[in-house]
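Report on one structure; see the data block that follows.
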Amino acid sequence: MSDADQPFVQEYALDRDCTTLSRHVLQQLHSFSAEAQDLSAIMNRIALAAKLIARRLSRAGLMEGVLGFTGGVNVQGESVKKMDVYANEVFISVFKQSGLVCRMASEEMEDPYYIPENCPIGRYTLLYDPIDGSSNVDINLNVGSIFAIRQQEGSDEDGTASDLLQNGRKQIAAGYVVYGPSTMLVYSIGTGVHAFVLDPSLGEFILASENIRVPDHGPIYSVNEGNFWQWEESIRNYIRYVHRHEGYTARYGGALVGDIHRILFQGGVFLYPGTVKKPEGKLRLLYESAPLAFLLEQAGGRASAGTQDILDVVPKALHARTPLIIGSKDDVSLVESFIKEQSREQTANRQPSAV
Ligand code: AHM
Ligand code: MG
């Protein structure tokens with residue numbers, strides 16, 4: 001590079017270093033309206049929660065009382081980890097006094113948390129999974145946080161949060177944080193998908209990739225094949241297809257955020273299908289599947305529950321689960337084609353044969 005190019009390169013690098021998350025949100029919205037300021041402030045608070053969680057995770061093996069189980073079970077009947085509780089409370093404490101949200105609903109709380117009356121109350125609801133893939137925490141592998149923002153609709157005077165039981169197209173922002181070798185925050189406010197890396201020396205999330213597009217097809221299939229014999233025949237047939245064709249490679253980390261992060265950049269499909277005994281699968285619609293579906297659709301990908309787009313699924317309850325097939329659009333459609341084929345066969349078998 002010639003000397004003449006140097007000032008440009010430096011300026012470019014400096015500009016990039018200055019593109020913080022809150023500035024980026026305002027740039028995306030081309031506005032300083034009250035709503036744009038609120039969204040920017042909300043993302044800033046999520047970033048603060050992520051920094052607190054990342055800090056604790058990075059020293060978890062050196063501190064007392066960070067790793068392992070609490071001994072309790074959550075609303076889903078799953079054993080709760082100490083990090084789940086910590087991260088859930090981190091989100092509450094960064095939002096409680098913010099004046100930005102009126103309620104918060106999380107995978108770890110049976111009912112939504114309502115901002116107390118002595119604190120400023122905002123018009124948004126934060127839905128979140130504070131630590132996703134928490135079985136990875138104790139072995140120092142990647143985990144994530146997932147979040148979505150919805151506007152409160154109606155008064156919610158009875159405190160049932162029934163307006164949250166709407167489809168995922170009601171989300172106005174969604175994203176995740178992946179706590180890996182570096183901490184990355186990926187978000188969308190409906191204007192594409194953008195990734196930020198936490199620069200520990202600045203304590204700021206700095207723009208790393210803008211307008212990320214997931215390839216239409218990719219080599220990765222990501223699924224817990226240990227469940228093979230519990231699945232419907234259609235999913236087994238898809239996996240058999242993948243085994244018999246060249247160009248596929250399996251990757252499964254046991255933590256959704258990391259698995260989807262890989263697919264976002266490299267293409268492919270992540271599946272958590274239902275089983276014959278548990279057709280609704282494992283993943284929660286409001287805290288996991290819908291936020292990630294919003295993000296992948298914004299990146300040009302797809303997310304399906306099998307026969308319906310995830311963003312069209314209306315939850316019956318706050319903690320409702322759905323099967324999830326998400327990633328590159330061609331790969332998601334391929335999985336769906338096996339599901340359609342099975343349902344066609346079942347319908348044909350039910351028809352009385354013509355005499
Ligand atoms: P969690 O939110 O309780 O951690 O559960 C969700 C996690 C996902 O991150 C991951 O894809 C899946 O559960 C792994 O489940 P399994 O161990 O059944 O493959
Ligand atoms: Mg989870």
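In listed order, ligands and their atoms are each counted from 1. In what follows, every heavy atom counts, from backbone to side chain, and hydrogens, waters and symmetry copies are set aside.
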Practice task
Return a yes/no value for Ser134: is any of its N or O atoms, backbone included, closer than 3.5 angstrom to an N or O of ligand 1?
Solution key: yes
Practice task
Within a distance under 4.0 Å of any heavy atom of Ala255, pick out the atoms of ligand 1 and give their elements.
Solution key: 9 (O)
Fill in the blank from the handout: OH of Tyr221 to CG of Leu271, rounded to nearest 0.5 Å, is 10.5 Å
Practice task
Examine the proximity of ligand 1 to Tyr287 and report which part, side chain or backbone, both or neither, has a heavy atom under 4.0 Å away.
Solution key: neither
Handout entry: Proximal atoms of ligand 1 relative to Asp129 (non-hydrogen, under 4.0 Å)
Key = 2 (O)
Practice task
Please list all pairs passing the salt bridge (Lys or Arg N to Asp or Glu O under 4.0 Å) test where one or both residues lie in residues 28-46, with sequence neighbours left out.
Solution key: Asp38-Arg123
Problem - Distance, nearest 0.5 Å, that separates CD1 of Ile146 from CD of Glu288 - result: 5.0 Å
Practice task
May I ask you to identify, for Leu256, whether its side chain, its backbone, both or neither come under 4.0 Å of ligand 1 on a heavy-atom basis?
Solution key: both
Fill in the blank from the handout: d(Gln230 CD, Lys278 NZ) to nearest 0.5 Å is 12.0 Å
Exercise for the section: Answer yes or no: is there a donor N or O on one side and an acceptor on the other, between the side chain of Arg321 and the main chain of Lys282, under 3.5 Å? Expected result: yes
Completion exercise
In this structure, CG of Leu318 is separated from CD of Glu110 (nearest 0.5 Å) by 10.0 Å
Completion exercise
Here the atoms of ligand 1 under 4.0 Å from any heavy atom belonging to Asn224 are 16 (P), 18 (O), 19 (O)
Problem - Listed partners of Ser201 passing side chain to side chain donor-acceptor pair (under 3.5 Å), at least two apart - result: Asp199
Practice task
Would you tell me which option among Lys282, Glu288, Lys81 has the nearest heavy-atom contact to atom 17 (O) of ligand 1?
Solution key: Lys282
Completion exercise
atom 5 (O) of ligand 1: of Glu225, Glu107, Arg284, the nearest heavy atom sits on Arg284
Exercise for the section: With heavy atoms of Phe270 as the reference, note each atom of ligand 1 found under 4.0 Å away. Expected result: 11 (O)
